Amino acid sequence: MPENKSPLERLGLDTPAALALHLPIRYEDETELTSVEEAISGFGNANVQTQGKVILCEVKFRPRRQLIVVIADQDAELVLRFLNFYPSQQKQMAIGNFLRVRGEVKQGFMGPEMVHPTVKQVLPETPLPQQLTPVYSTIAGIGQITVRKGIEKGLKDPSVRKFLREIIPLGSITDPRYSFLKDLPSLEESIFSLHYPTVQTNKDALLERTHPAWRRIQFEELLAQQISLQRAHIERQKRKAPCMNQSPGGFVQRLFDLLPFTLTDAQKKVWGEIANDLAKPYPMNRLLQGDVGSGKTAVAALAAAHAIDHGYQVALMAPTEILAEQHFRKFEPWFLELGVEMVWLTGSLKSKEKKLAQEKIKTGQAQLAIGTHALIQEGVEFAQLGLAIIDEQHRFGVRQRLQFHGRQGSEDIFSHQLMMSATPIPRTLAMTYYADLEVSVIDELPPGRKPILTKLFKDSRRDEVILGIRKELTLGRQAYWVCPLIEESEVLQLQTVTDTFESLKAKLTEYRIAMMHGRMSSEEKSSIMADFKSGSIQLLVSTTVIEVGVDVPNASLMIIEHSERFGYSQIHQLRGRVGRGEADSVCILLYSEHLSFAAKERLKVLRENSDGFIIAEHDLSLRGPGELLGSRQSGESMLRFVDLQRDAWLVSLVKDFAHDILATAPELAELHLRRWLGSRADYLKA
Ligand code: ADP
Ligand code: MG
């Protein structure tokens, strides 16, 4: 515990790297001094620094206990007021001491004063610093001065200089594409000038992190990341995977004939890309992106059929049971027709059924296994897994996705991986986090899709909305009512669904209404979904359990209550449940009276845009990459100094640079990586 740890160790600054890279969050300018008189006459301005002798130091009660100190130079006096203070401060500011203080002068009760200024005890002749003063992030109990002194001392250690040595000679770059890098300061120079910038340094550039010294650090960080990702890519290509380049049973053609539609051009294109990967002797690692409803499932089915045709097993994993079941239902008629044996495996199966499914997977009798993450849990062993398909991949953590890699029948054969996502990943993000991922995009919706009209309604217009539902149901169509998200409490959430359900039932007595929520058993949920699909339920009141993948073409109206509580992608995914059939579809976003500015903006963006990519860009700028990629990744986010929005251009430059370095000087790339990532390098293999 803290007893035997130094303050720097407690801050986690126990290596030269951590220490050097604990860069200031801002700076204070203590290089200038004004007289007390000037400080007072300019009051209301930003921070000033002045100094004088203490002529009064008293604890007063008016009405609260406070410490009043007055300092003076030859011309004027200034009041310092402290509402919280320690005895040590009283000592420091005892009458007769000389103080240098820094703060904002305001007009107070007793005239011009500084409330809680920064105070330093000095001598009148103590020189002013020549550099801006760094302000570091710290934790309770460790003051700025301690951190500052610790870092100053630490940076003098020879191990820091060694850590900061130049590895890649940027100065000798000749390629004009990288001329920007050539002019950057060295790493050592950058680190020192960020800790101790001279007064002349452009302060805005420092704070906005666009200063060349920052650029150098950002370059280093990105380079390590790109090298790591690209190396993972090279490693992957050295692995063995089943080469699927034939069509023994003509499964793919037969499935084409079974599909009730012809593929869109976009679907054909991505199927071509996938088939091409599957024919390679190394494992595919491909992300299939397509907006909600773009038809990813059919493409996944083709890939599955192709792998099974070659005698391999296929696993299809979805993040929720509802979603997995939808896949199962869709796949079942097609694969039964092909004579493929399917198994269903989720956590909620009875242990006997689970054992049976696991057994079939182990013996290879099951050719297609569909389920939730139960598919990658202990006890599941595939005889010969050739392809793993992971739907809504961002919902799974990196580790969970990894487990499929490790679970092969034969040790040195890896399965191909196809991930699917309706949450588009903006280009910059794809380049930085997913450099070892090929991306296919379905950029076209099946024909006949009607755009969804999104409308914003104040909550007070609920009755109008209910009239709208009535109209839609009377026309024989169906509707969803999505209840507000209450993240803090599942109980409250349940309560809300129940209340809403009861009140809608009372108002729409002649219609068949059902309720669905996360507390129900999966049997209950799937029986409700089946009834909704068949049309025997007309209005489905539910929580966000219907968020992804649910497919009922006859549903043409969705109401999202308290839509301001949802994020961009949640609403976009939710509303994608409608607009899948013949009818014009509408999504109504109900919102409460008092909207924050951000929420208003968000709802406006959603109303005006139906393109998932545009929405994802907004999402990225709002929440940052961590959340977009899923919470598991966010904690381990690699980029501390790079901002993907601000530095997008740097990302593409460094991507190319990393590629070149790996090709021309792999040993330098390795050194750089080791310096920058240390033990975290492994993580990136994901
Ligand atoms: P998502 O990409 O959201 O997973 P799905 O694969 O569930 O989308 O497809 C959405 C709906 O579109 C399904 O009802 C599916 O049968 C239908 N669909 C898919 N591809 C086509 C196509 N090429 N032509 C017509 N309908 C299609
Ligand atoms: Mg889907």
Side-chain angles (χ1 to χ4, degrees), residues 252-253 255-274 286-305 316-335 337 370 389-396 418-425 439-452 477-478 480 529-530 532-535 544-556 558 569-583 585 587 610-613 615-616:
V252 169
Q253 191 49 51
L255 183 53
F256 267 121
D257 298 340
L258 285 169
L259 290 176
F261 43 73
T262 45
L263 293 192
T264 61
D265 287 345
Q267 282 170 313
K268 280 185 202 145
K269 179 195 72 189
V270 302
W271 162 239
E273 289 163 356
I274 292 166
R286 189 170 280 277
L287 175 65
L288 173 55
Q289 284 193 354
D291 213 340
V292 184
S294 61
K296 296 182 289 293
T297 316
V299 175
L302 287 167
L316 169 54
M317 179 165 85
T320 66
E321 273 195 33
I322 290 196
L323 197 54
E325 188 171 336
Q326 292 249 330
H327 285 308
F328 195 91
R329 292 236 165 102
K330 264 200 193 149
F331 276 39
E332 201 174 20
W334 302 335
F335 284 88
E337 196 66 36
I370 299 183
I389 303 171
I390 304 166
D391 196 14
E392 299 301 334
Q393 57 84 28
H394 62 286
R395 294 259 191 128
F396 293 100
L418 178 65
M419 285 154 280
M420 301 197 281
S421 177
T423 303
I425 295 163
V439 180
S440 288
V441 182
I442 306 184
D443 50 7
E444 169 190 17
L445 294 179
R449 282 291 162 74
K450 301 262 172 58
I452 304 158
R477 294 198 282 263
Q478 290 163 281
Y480 297 97
M529 276 321 294
F532 189 59
K533 189 141 196 175
S534 74
T544 53
V545 290
I546 59 154
E547 189 182 342
V548 279
V550 171
D551 188 27
V552 179
N554 191 46
S556 56
M558 172 172 286
S569 65
Q570 270 173 317
I571 289 193
H572 185 62
Q573 295 241 344
L574 278 168
R575 74 178 167 189
R577 305 303 113 219
V578 295
R580 295 188 158 214
E582 311 282 295
S585 289
C587 173
S610 56
D611 181 334
F613 276 86
I615 290 166

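We count ligands from 1, going down the list as the structure has it; atoms in each ligand are counted the same way. These figures come from a predicted structure and were not determined experimentally.
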Check whether Gln267 reaches the backbone of Lys296 with its side chain - one donor and one acceptor, N or O, closer than 3.5 Å.
no
Polar side-chain atom of Glu444 near backbone of Ala266 as donor-acceptor pair, under 3.5 Å
yes
Mind checking whether [X] contacts ligand 1 via backbone (N, CA, C, O), side chain (CB onward), both or neither, at a 4.0 Å heavy-atom cut-off?
| X | answer |
| --- | --- |
| Met420 | neither |
| Ile442 | neither |
| Leu263 | backbone |

Does Arg286 have any salt bridge (Lys or Arg N to Asp or Glu O under 4.0 Å) partners at least two apart in sequence or in another chain, and if so, which?
Glu273, Asp277
Considering residues at least two apart in sequence or located in another chain, which fulfil the salt bridge (Lys or Arg N to Asp or Glu O under 4.0 Å) criterion with Glu321?
none
Parallel, tilted or perpendicular: which fits the ring planes of Phe335 and Phe331, with parallel below 30° and perpendicular above 60°?
parallel
Check each atom of ligand 1 against the heavy atoms of [X] and keep those under 4.0 Å away; list them by number with element.
| X | value |
| --- | --- |
| Thr264 | 23 (N) |
| Thr262 | 22 (C), 23 (N), 24 (N) |
| Gly295 | 1 (P), 2 (O), 5 (P), 6 (O), 8 (O), 9 (O), 19 (C) |

Relative to atom 4 (O) of ligand 1, which among Leu445, Thr297, Asp265, Asp291 owns the nearest non-hydrogen atom?
Thr297
Side chain proximity check, Arg580 to Val552, heavy atoms < 4.5 angstrom
no
Taking the non-hydrogen atoms of Ser294, is any one of them nearer than 4.0 angstrom to ligand 1?
yes
